[in-house]
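Here the structure comes first, spelled out in structure tokens, and everything after it is commentary.
In what follows, every chain begins at residue 1, and chains take the letters A, B, ... in the order their sequences are listed.
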Amino acid sequence: MVMSWLKVSDAFKAPVGSPVTIKGWVRTNRDSKADGGLCFVAVSDGTCFDPIQCVVKAAGNNATTNFPDVQKLTTGCAVEVDGTLVASQGKGQSVEVLASAVRILGLVEHPDSYPVSNKRHTFEYLREVAHLRVRTNTFGAVARVRHCLSMAVHRFFHERGFFYVHTPIVTASDCEGAGQMFRVSTLDMMNPPRVAPEDAKPGAPVDPAAPVDFSNDFFGKEAHLTVSGQLNVETYCCALSRVYTFGPTFRAENSNTSRHLAEFWMIEPEIAFANLQVDSELAEDFIKYLTKTVLDERPDDMKFFDERIEPGLLKRLQHVLETPFRRLPYTEAIKILEDAIKKGKKFEYPVKWGTDLQSEHERFLTEEHFKQPVILMNYPKNIKAFYMRLNDPGTDGAPGDTVAAMDVLVPAIGEIIGGSQREERLDVLDRRIEEMRLPAKEYWWYRDLRRYGTVPHAGFGLGFERAMMFLTGMQNIRDVIPFPRAPKQAEF
RNA sequence: UCCCCGAUAGCUCAAUGGUAGAGCGACCGGCUGUUAACCGGUAGGUUCUAGGUUCGAGUCCUAGUCGGGGAGCCA
């Protein structure tokens, strides 16, 4: 592909004196009567944080023929500018484009009501104009960082010999057990087929109270959008050794928080022949790799986040890079929390071995007590999923059964990674399925992995948007994904 | 889903139950190698929706819708 114009990001790197053509959208336009009339048109094409300033003259050698039209350009107009890259006479930019011609590609038809006019806007408002918010400093930066991180995810795993597995979006097994699911169906919702009693005569009236007959549905059984690629990716792990999946994930939970989406992206690596310790090391390396990459590759955007979104962000991330994550058994964490209570710390919810930690407890550990990312390990069996590997009795001096699970907690966001070593022993797995009253039949292929050459293996899930929040300082998850899907929110 | 708070100009917000206001943005003009520009002026309103109380409701009451913060569920 040959393009005759220059990206703004490249224009900034071109030698002074270069002839350039740039194309983009007007960010700001100021004019002046000096030098017989000139306009300063800042143009952004989204390729980097800064727009480039184009100086357009009404008189002299570089006079443009349509100067009065250029004067009228407002924020959002699309333009194409020919000119020369010159050292800037003004402060605030090192180089600028001295324009020889400005072609107006698209005007803003009602500048008085342009939704992203040149002024401060709240994130709540910008969410209502998600199709235009990416033209702002913040959302442009978010979009570039998001891309940078997506690439880094693949590079991290590729460099370590992991294979990228496309796990299915639609799942016909109702056994993933990670929350409410969205149904996928082609049945007539108003009049679905019903299961007829065995002794029903042909043509008998349908019983509207009878269960829906999904054998007539598209997949011949109930189907849903996936809540996790883990079970599928485990199968590839048990053949390719190191694999990961990175795709959209769906939860139909009625969650109304700044940390939850109905549609989000999740990264799930799975490693064969590995235990929880190896799993946690991978998780730590991964988070540090993402952190380093975004600092190295998007310094312009990260500087903006540090200045305008979360003062101190860069310092915080530097600290993350330099400090080993704190590893801590759940049982130990309970002791720390109990000690804190003895010393006068007040929690809304009680702390008790065997119960799940509340948000406030996790935040205390990562934000107040350790002030750094913390990996909690070996949780009580009863609060974790069936597929997590049962530890030997007495692990960490725990008073009850634990499983080889881990949560990576980070300040401000809380849980960013959840993972575990998987139960590779068929008899133990079967006992767990039975204890939790899960439909054993549905797990036939998952159980097969334990019947045919079972191996220890482990993996985790990283919420991509939560990583975005952690690395940009953005406080609402709906602002780190282009078009957020949440309860009552699916516009665009 | 639960608790708390909110909805007024394009945006951010004011307005004791008694004439609907400012800043920014937009538009017009002035000044200026400008850059969160500055100075002067103009336009811009079914006060979220539906009921109710009242001589009179942006303001009080009820219900709903949407948004925010916190909690739960989790990534």
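The separation of B:U49 from B:U42, taken at their P atoms, amounts to 30 Å, rounded to a whole angstrom. Comparing the same atom, P, in B:A7 and in B:G17 gives a spacing of 15 Å after rounding to whole Å. Annotation: B:C48 and B:U59 have their P atoms spaced 8 Å apart (nearest Å). When the P atom is compared between B:A15 and B:U32, the two are found 41 Å apart, to the nearest whole Å. Comparing B:A36 with B:U46, their P atoms are spaced 35 Å from each other, to the whole Å. Nucleotides B:C28 and B:G21 have their C1' atoms positioned 23 Å apart, rounded to a whole Å. Atom P of B:G51 sits at a distance of 15 Å from the matching atom of B:G58, rounded to the whole Å. Across the P atoms, B:G41 and B:G23 are found 10 Å apart, a figure rounded to whole Å.
A:Arg27 comes within 4.0 angstrom of nothing in the nucleic acid, heavy atoms only. Using a 4.0 Å heavy-atom cutoff across all strands shown, A:Leu261 reaches at least one base atom of the nucleic acid. Among the atoms of the strands shown, base atoms are found under 4.0 Å from some heavy atom of A:Gln89. Across all strands, A:Tyr125 comes closer than 4.0 Å only to sugar-phosphate atoms, never to a base (heavy-atom distances). Within 4.0 Å of A:Asn254, counting heavy atoms only, lies at least one base atom of the nucleic acid. A:Thr257 comes within contact range of at least one nucleobase, with a heavy-atom separation under 4.0 Å. Across all strands, A:Thr122 comes closer than 4.0 Å only to sugar-phosphate atoms, never to a base (heavy-atom distances). Contact annotation for A:Glu96: base contact, defined as any heavy-atom pair under 4.0 Å involving a base atom. When heavy atoms are screened at a 4.0 angstrom cut-off, A:Tyr349 is found touching the sugar-phosphate backbone but no base atom. Across all strands, A:Arg127 comes closer than 4.0 Å only to sugar-phosphate atoms, never to a base (heavy-atom distances). Residue contacts for A:Gln358: at a heavy-atom cut-off of 4.0 Å it reaches the sugar-phosphate backbone alone, with no base atom in range.
The phosphate of B:G30 (OP1 or OP2) has a side-chain N or O of A:Lys33 nearer than 4.0 angstrom. Remark: A:Ser359 is not in phosphate contact with B:G70, judged by side-chain N or O atoms under 4.0 Å from OP1 or OP2. Dashed line: the shortest gap from a side-chain N or O of A:Arg259 to OP1 or OP2 of B:A71 is under 4.0 Å.
Nearest-nucleotide assignment on RNA chain B puts the 5′-proximal partner with A:Val55, out of A:Ile417 and A:Val55. Toward the 5′ end of RNA chain B lies the nearest nucleotide of A:Asn476, the other residue of the pair A:Ser255 and A:Asn476 mapping further downstream.
The partner of B:G29 is B:C39, by the rule that a Watson-Crick or G-U pair needs both atom distances under 3.5 Å. Remark: B:G45 base-pairs with no nucleotide; criterion is Watson-Crick or G-U wobble with both hydrogen-bond distances under 3.5 Å. Base pairing of B:C2 is made with B:G70, judged by Watson-Crick or G-U wobble geometry with both donor-acceptor distances under 3.5 Å. Nucleotide B:A7: paired with B:U65 (Watson-Crick or G-U wobble, both distances less than 3.5 Å).
For A:Lys72 and B:C28, the NZ to P distance is 7 Å, given to the nearest whole Å. Whole-Å rounding puts the A:Phe264 CZ to B:C73 C1' distance at 12 Å. As rounded to whole Å, 12 Å separates atom C1' of B:C66 from atom CZ of A:Arg478. In this structure, CG of A:Leu98 is placed 15 Å from C1' of B:U34, rounded to the nearest angstrom. If you take CD of A:Glu128 and C1' of B:G10, they are 12 Å apart, rounded to a whole angstrom. Regarding A:Ile477, its CD1 atom lies at a distance of 12 Å from the P atom of B:G69, rounded to whole Å. Separating the CZ atom of A:Arg120 from the P atom of B:C13 is a distance of 12 Å, rounded to the nearest angstrom. Remark: P of B:A37 and CG of A:Asp31 are 13 Å apart, rounded to the nearest angstrom.
Between the base of B:U34 and the side chain of A:Gln93 there is a donor-acceptor pair shorter than 3.5 Å. Side chain A:Arg30 to base B:C38: no donor-acceptor pair is found below 3.5 Å. Below the 3.5 angstrom threshold, one finds a donor paired with an acceptor across the side chain of A:Gln53 and the base of B:U34. With hydrogens and angles ignored, no donor-acceptor pair closer than 3.5 Å exists between the side chain of A:His121 and the base of B:C11. Side-chain atoms of A:Asn256 and base atoms of B:U1 include a donor and an acceptor less than 3.5 Å apart.
For A:Asp112, counting side-chain heavy atoms from C-beta on, the closest listed nucleotide (B:A71, B:G68, B:G25) is B:G25. Residue A:Ser113 has its side chain nearest to B:G10 when only B:G68, B:G10, B:C66 are considered. Closest to the A:Glu124 side chain, of the nucleotides B:C24, B:G68, B:G69, is B:G68. Checking B:A26, B:U12, B:G33 against the side-chain heavy atoms of A:Ser32 singles out B:G33 as nearest. For A:His260, counting side-chain heavy atoms from C-beta on, the closest listed nucleotide (B:G33, B:G72, B:C24) is B:G72. Set against B:A26, B:G33, B:U32, the side chain of A:Asp35 has B:G33 as its closest nucleotide. Side-chain atoms of A:Asp356 lie closest to B:C74 of the nucleotides B:C27, B:C74, B:G70.
Checked for salt-bridge contact, A:Glu435 and A:Arg432 meet the test: a charged N lies under 4.0 Å from a carboxylate O. A salt bridge between A:Lys23 and A:Asp45 is absent, with no side-chain N of the basic residue lying under 4.0 Å from a carboxylate O of the acidic one. Remark: A:Lys303 does not engage A:Asp50 in a salt bridge, criterion side-chain N to carboxylate O under 4.0 Å. Between A:Glu465 and A:Arg146 there is a salt bridge, with a side-chain nitrogen of the basic residue lying less than 4.0 Å from a carboxylate oxygen of the acidic one.
Using a 3.5 Å distance cut-off with no hydrogens or angles, the side chains of A:Asn254 and A:Asn256 do pair a donor with an acceptor. There is no side-chain donor-acceptor pair under 3.5 Å between A:Gln475 and A:Ser258.
When the options A:Phe286, A:Phe157, A:Phe460 are evaluated for a ring pair (Phe, Tyr, Trp, His ring centres under 6.0 Å) with A:Tyr244, the one that passes is A:Phe157.
Judged by ring centres under 5.5 Å apart and planes tilted less than 30 degrees, A:Phe464 fails to stack against the six-membered base ring of B:A75.
Side-chain rings of A:Tyr164 and A:His154 approach one another, their centers coming within less than 6.0 Å.
Judged by distance alone, with hydrogens and angles left aside, the side-chain atoms of A:Asp306 form a donor-acceptor pair with the main-chain N or O of A:Leu314 at under 3.5 Å.
Heavy-atom minimum distance, A:Arg242 versus A:Arg160: NH1-O, 3.3 Å.
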